[in-house]
Student: 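I have a structure here, written as structure tokens, and I will follow up with some questions on it.
Being a predicted model, the structure only gives us computed values, none of them experimental. Chain letters run A, B, ... following the sequence lines, proteins first and then strands; every chain starts at 1.
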2 protein chains.
Amino acid sequence: MTNETLTISQMCDAFGVTARTLRFYEAKELLSPIRIGSRRLFTRRDRARLKIILRGKRFGFSLEDIRQVLDLYERDSTNEVQVRHTYDLAKARLAQMEAQRAELDEAIKELKAELAEGEKTIASLRQAAE
Amino acid sequence: MTNETLTISQMCDAFGVTARTLRFYEAKELLSPIRIGSRRLFTRRDRARLKIILRGKRFGFSLEDIRQVLDLYERDSTNEVQVRHTYDLAKARLAQMEAQRAELDEAIKELKAELAEGEKTIASLRQAAE
DNA sequence: CGTTACATTTACGTCAACGTCAACTCTGCT
DNA sequence: AGCAGAGTTGACGTTGACGTAAATGTAACG
């Protein structure tokens, strides 16, 4: 099963982060490992959240941004107003990500065009070299 | 034409950044506005570069990363070794961006699934409310 | 000529996101 | 009992990317 809990160093190995980082995320309430005495044990839930955190970072989101995203996955589904609000936030976030994807596509296209130019340059240099 | 040069405050308005930011980017050699006396005038080239800078930031690249990307668009095309190196860098950068795109797609899919869940929750709450 | 608006340099301040000690505390082994 | 190794809590340090304040410059307008 994936129900096992991990110690802090096992988490570090699994995700390629330092212990300092995990403690920092806990202090920011992004993670909430259970405690055995003073030691932390990271659950499946913590691992799922950490995945989201790390991915968010790769897209340039701040930890504060990411905290809001995490809340989306944690809705309590009893209070309609609350659920609605969360839902709206998620829709906004989705729109933002789709815009980002469009921009990314644009940037990729441009870079590809530059690459084609580069190839031409290299070819002509090779021509001139003989 | 788009050949006009802009003052620093015009640039700020046009791009939604502060003057401090533009001076900072110049100090980091990301921009190189021409000088009339001590004053800066930003050219079409600066504007093109700033666009790339701001977009890079939105994707979580550091200014140093971005400086390398900018160099790609500035190749001098005389030295084959230099051109080759730049070309390789660009290819690596492209691969990175395409990976990022794949991840972004994944994240969007997940978020959409969450949204669908949210809709079901809202529907059932509405049912229960009558 | 004075003032207003915009710009400049220099320099210190700030905030996020950790890194890096130091000084313990547990736990398990031998 | 003693020791190693993993983990803990402070607390201060660092780096990147600017913010902010102070002192000064300059162009143009009434």
Side-chain angles (χ1 to χ4, degrees), chain A residues 4-43 45-47 49-71 93 96 100 103 107, chain B residues 4-43 46-47 49-71 93 96 100 103:
Chain A
E4 15 159 345
T5 70
L6 300 186
T7 69
I8 198 164
S9 50
Q10 288 171 328
M11 280 291 277
C12 293
D13 291 355
F15 289 91
V17 299
T18 70
R20 179 69 181 89
T21 298
L22 295 176
R23 296 193 193 105
F24 182 75
Y25 289 168
E26 185 189 7
K28 291 261 161 175
E29 302 191 309
L30 298 175
L31 300 178
S32 45
I34 56 181
R35 295 299 191 112
I36 301 300
S38 70
R39 311 212 157 170
R40 297 165 175 83
L41 284 180
F42 295 84
T43 66
R45 175 169 173 276
D46 290 312
R47 298 196 291 278
R49 292 173 69 92
L50 184 53
K51 266 190 194 172
I52 296 175
I53 294 170
L54 296 178
R55 185 167 61 197
K57 292 211 64 187
R58 263 171 264 138
F59 294 125
F61 292 132
S62 73
L63 291 185
E64 190 46 41
D65 286 344
I66 294 171
R67 220 180 45 71
Q68 293 195 14
V69 173
L70 285 173
D71 290 347
R93 179 69 60 178
Q96 187 181 347
Q100 195 164 8
E103 252 197 307
Chain B
E4 14 158 345
T5 71
L6 301 186
T7 69
I8 197 164
S9 50
Q10 288 172 329
M11 282 291 276
C12 293
D13 290 355
F15 288 92
V17 298
T18 69
R20 178 69 180 89
T21 300
L22 296 176
R23 296 195 192 103
F24 183 75
Y25 289 168
E26 185 187 8
K28 292 259 161 175
E29 301 189 312
L30 298 175
L31 300 178
S32 45
I34 56 181
R35 294 300 192 112
I36 302 301
S38 70
R39 310 208 159 172
R40 295 164 176 85
L41 284 181
F42 295 84
T43 66
D46 291 311
R47 298 196 291 277
R49 292 172 70 93
L50 184 52
K51 265 190 195 173
I52 295 175
I53 295 170
L54 295 179
R55 185 166 61 197
K57 292 212 64 188
R58 261 170 264 140
F59 294 125
F61 292 133
S62 73
L63 291 185
E64 190 45 41
D65 286 343
I66 294 170
R67 220 180 47 69
Q68 293 196 13
V69 173
L70 284 174
D71 290 347
R93 178 70 59 181
Q96 189 180 347
Q100 197 164 7
E103 257 199 310

Student: Using atom CZ of Phe61(B) as one end and atom C1' of dA17(D) as the other, report the distance to the nearest whole Å.
Tutor: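 Distance check: Phe61(B) CZ to dA17(D) C1' gives 17 Å.
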Student: Does a side-chain N or O from Arg35(A) land closer than 4.0 Å to OP1 or OP2 of dT9(D), or not?
Tutor: yes
Student: State whether Glu26(B) and Arg23(B) are salt-bridged, where the test is any N-O pair (Lys NZ or Arg NE/NH1/NH2 against Asp/Glu carboxylate O) under 4.0 Å.
Tutor: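 No, this pair does not count.
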Student: Can you work out whether Ser9(A) or Ala19(B) has the more 5'-proximal nearest nucleotide on DNA chain D?
Tutor: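 Going by which nucleotide is closer to the 5' end, it is Ser9(A).
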Student: Nearest to the side chain of Thr18(B), heavy atoms from C-beta on, is which of dT9(C), dG19(D), dC26(C)?
Tutor: dG19(D)
Student: Is Arg40(B) touching bases, backbone alone, or none of the nucleic acid, heavy atoms closer than 4.0 Å?
Tutor: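 Since only primed, P, OP1 and OP2 atoms lie under 4.0 Å of Arg40(B), the category is sugar-phosphate.
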Student: Counting just side-chain N and O atoms, does Ser38(B) come under 4.0 Å of either OP1 or OP2 of dA7(C)?
Tutor: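 Answer is no, no contact under 4.0 Å.
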Student: Rounded to whole Å, please give me the gap between CG in Leu63(A) and P in dG16(D).
Tutor: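 Computing the Leu63(A):CG to dG16(D):P distance gives 18 Å.
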Student: Heavy atoms under 4.0 Å, any strand shown: does Lys57(B) hit a base, just sugar-phosphate, or nothing?
Tutor: sugar-phosphate
Student: Is it the case that over 12 heavy atoms from other parts of the model lie below 6.0 angstrom from the CD atom of Glu29(B)?
Tutor: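 Not more than 12 within 6.0 Å, no.
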Student: Take atom CD1 of Ile36(B) and atom P of dT26(D), then tell me their distance rounded to the nearest Å.
Tutor: 14 Å
Student: Report yes if some heavy atom in the side chain of Ile66(A) is under 4.5 Å from a heavy atom in the side chain of Lys57(A); otherwise report no.
Tutor: yes
Student: Verify the contact: side-chain N or O of Tyr25(B) to OP1 or OP2 of dC18(D), cut-off strictly under 4.0 Å; return yes or no.
Tutor: yes
Student: Arg39(B) side chain N/O closer than 4.0 Å to the phosphate oxygens (OP1, OP2) of dT26(D)?
Tutor: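 Looking at the OP1 and OP2 atoms of dT26(D), neither is under 4.0 Å from any side-chain N or O of Arg39(B).
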Student: Which nucleotide sits closest to the side chain of Ser62(B): dA7(C), dA17(D), dG7(D)?
Tutor: dA17(D)
Student: Can you figure out which of dG25(D), dG5(D), dA17(D) approaches the side chain of Phe24(B) most closely?
Tutor: dA17(D)
Student: dA6(D) phosphate, OP1 or OP2: any side-chain N/O from Thr7(A) under 4.0 angstrom?
Tutor: no
Student: Using whole Å, what does the distance between atom P of nucleotide dT8(D) and atom CD of Glu26(A) come to?
Tutor: 8 Å
Student: Rounded to whole angstrom units, what separation is found between the CG atom of Leu41(A) and the P atom of dG7(D)?
Tutor: 10 Å
Student: Can you measure Asp13(B) atom CG to dC6(C) atom C1' for me and round it to whole angstrom units?
Tutor: 12 Å
Student: Verify side-chain hydrogen bond (donor to acceptor under 3.5 Å, both in side chains) between Arg49(B) and Ser32(B), making sure each step is shown before the conclusion.
Tutor: CA-CA 10 Å; Arg49(B) 292 172 70 93; Ser32(B) 45; 5.6 Å; no
Student: In this structure, how many angstroms lie between the C1' atom of dG7(D) and the CG atom of Leu22(A), rounded?
Tutor: 13 Å
Student: If you only use heavy atoms from C-beta on, which nucleotide in dC26(C), dA7(C), dG19(C) is closest to the side chain of Arg20(A)?
Tutor: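 Nucleotide nearest to Arg20(A)'s side chain: dG19(C).
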Student: Is there a donor-acceptor pair under 3.5 Å between the side chain of Asp13(B) and the backbone N or O of Gln10(B)?
Tutor: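 No, the answer is negative, given that no donor and acceptor are paired below the 3.5 Å cut-off.
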Student: Take atom CD of Glu64(B) and atom P of dC18(D), then tell me their distance rounded to the nearest Å.
Tutor: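 Rounded to the whole Å, the gap is 14 Å.
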